[in-house]
Asker: 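Can you keep this structure in mind? I'll have questions shortly.
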Protein chains: 2
Amino acid sequence: MSIEFRAEQALRLWHAVSMALVHDDKPDLTLRQMTILLTVYLEPPPHTVRGLAARLDVTKPVITRALDTMGRLQLLKRRRDETDRRNVIVQRTVEGSLFLEAFADLVCLKARELPR
Amino acid sequence: MSIEFRAEQALRLWHAVSMALVHDDKPDLTLRQMTILLTVYLEPPPHTVRGLAARLDVTKPVITRALDTMGRLQLLKRRRDETDRRNVIVQRTVEGSLFLEAFADLVCLKARELPR
DNA sequence: GCTAAATGGTACGGCAGCGAAACGATCATG
DNA sequence: CATGATCGTTTCGCTGCCGTACCATTTAGC
């Protein structure tokens, strides 16, 4: 199962997935928001605001605002770090897991439908 | 060269590509803008404002605004349809082609770097 | 304890995208 | 040639994200 594809297939995959997301009436996440979400779910914890800002090379308020928005959407949640109460630990949620699971299924589906 | 991947690989690919786009200091396109761009480059012409709006299931002003923005970025251009001057034909540009080519290369690169 | 550093959040003005509605130009129809 | 339909754009008020600067809380160092 090698993941090599041609440039055109890459574009067609991105197109199909993007089109599906646009057609979906759920509010779409910003590129930065999506990147934060994926980082939290794919990279080893703990995830702090400052750490995420450094990882993405963006300012802190970007992370704070994204956590506000995605917190409202229940995709992520904050927790105070009790060993160092200055830190905020960003954690996954059930809703976030389900969201990314559905997204991954969408990508796999569109990849499977790709012309050779 | 079958394009089947697992859910986790899909997420990791999207993460790697998104991260690269975020790190890039070029202004990122909206999901809708990117979808319009890919549609123009991948689907058979001609592309009109109304046609694109129907294809993406968005309102016309969304297309107009996206064309303004991407026109400024030289990724697309407008041309009046001379046979029916009410229509505007959306056309590719050299810069747009280069942009998508680089993007496709990025996706292919990140796909190749994916863990098995 | 007291100061300095570190962390996350907030305030502010600016900019861009959004939907709904109205508009001008162009074409089709009689 | 006059009326109505079609097409793209513009306007309006709104919302949300942006970066810069500043603030409150907590910890570290002396």
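Keep in mind the model is a prediction, meaning the values are calculated, not measured. A, B, ... follow the sequence lines: proteins, then strands. Residue 1 opens every chain.
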Asker: State whether A:Thr30 places a side-chain N or O below 4.0 Å from either non-bridging phosphate oxygen (OP1 or OP2) of D:dG16.
Answerer: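 It does not, given that no N or O in the side chain of A:Thr30 lies less than 4.0 Å from OP1 or OP2 of D:dG16.
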
Asker: Would you mind reading off the distance between B:Arg50 atom CZ and D:dA5 atom C1', rounded to a whole angstrom?
Answerer: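 In whole Å, D:dA5 C1' and B:Arg50 CZ are 10 Å from each other.
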
Asker: Looking only at heavy atoms, which two atoms of B:Leu75 and B:Tyr41 are closest? And how far apart?
Answerer: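 In this case the closest contact between B:Leu75 and B:Tyr41 is O-OH, 3.1 Å.
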
Asker: Pick the closest DNA chain D nucleotide for A:Val62 and for A:Arg72 by heavy atoms, then say which residue is nearer the 5' end.
Answerer: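 Nearer the 5' end of the strand: A:Arg72.
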
Asker: What is the distance from CZ of A:Arg65 to C1' of C:dT10, rounded to the nearest Å?
Answerer: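 My rounded result for the distance is 10 Å.
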
Asker: Would B:Leu73 and B:Phe99 satisfy side chain to side chain contact (heavy atoms under 4.5 Å, CB included), going step by step from the backbone distance to the final call?
Answerer: CA-CA 10 Å; B:Leu73 297 173; B:Phe99 173 83; over 6 Å; no

Asker: Is the closest side-chain donor-acceptor distance between A:His15 and B:Thr39 under 3.5 Å?
Answerer: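 There is such a pair between these side chains.
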
Asker: On DNA chain C, does the nearest nucleotide to A:Lys60 precede the nearest nucleotide to B:Lys60 from the 5' side, or the other way round? Give the residue.
Answerer: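 In this pair, the answer is A:Lys60.
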
Asker: When you check the phosphate oxygens OP1 and OP2 of D:dC7, does a side-chain N or O of B:Thr48 lie under 4.0 Å from one of them?
Answerer: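 No, B:Thr48 has no side-chain N/O under 4.0 Å of OP1/OP2 on D:dC7.
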
Asker: To the nearest Å, give me how far apart CG (B:Leu29) and C1' (C:dG17) are.
Answerer: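 Answer to the nearest Å: 13 Å.
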
Asker: Using a 4.0 Å heavy-atom cut-off across all strands, classify B:Thr64 as base, sugar-phosphate, or nothing.
Answerer: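 Base, at least one base heavy atom under 4.0 Å.
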
Asker: Let me know the distance between CG of B:Asp28 and C1' of D:dG16, rounded to the nearest Å.
Answerer: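 After rounding, the gap between these two atoms is 15 Å.
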
Asker: If only side-chain N and O atoms of A:Gln33 are considered, is one of them under 4.0 Å from the OP1 or OP2 phosphate oxygen of D:dG16?
Answerer: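 For D:dG16, neither OP1 nor OP2 has a side-chain N or O of A:Gln33 closer than 4.0 Å.
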
Asker: Quickly work out the B:Ile63 CD1 to D:dG8 P distance and round it to whole Å.
Answerer: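 Atom CD1 in B:Ile63 sits about 10 Å away from atom P in D:dG8.
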
Asker: Once you round it to whole Å, what is the distance between P of C:dT10 and CG of A:Leu67?
Answerer: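 The answer, rounded to whole Å, is 12 Å.
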
Asker: Please give me every residue in residues 76-91 of chain B whose heavy atoms get under 4.0 Å of an atom in DNA chain D, ordered by residue number.
Answerer: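 Per residue number, the list reads B:Arg78, B:Arg86, B:Asn87, B:Val88.
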
Asker: Give the minimum heavy-atom separation between A:Gln9 and A:Leu114, together with the two atoms involved.
Answerer: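 Here A:Gln9 and A:Leu114 meet closest at O-CD2, 3.6 Å.
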
Asker: Rounding to an integer number of Å, can you tell me how far B:Met34 CE sits from C:dG17 P?
Answerer: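 Computing the B:Met34:CE to C:dG17:P distance gives 16 Å.
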
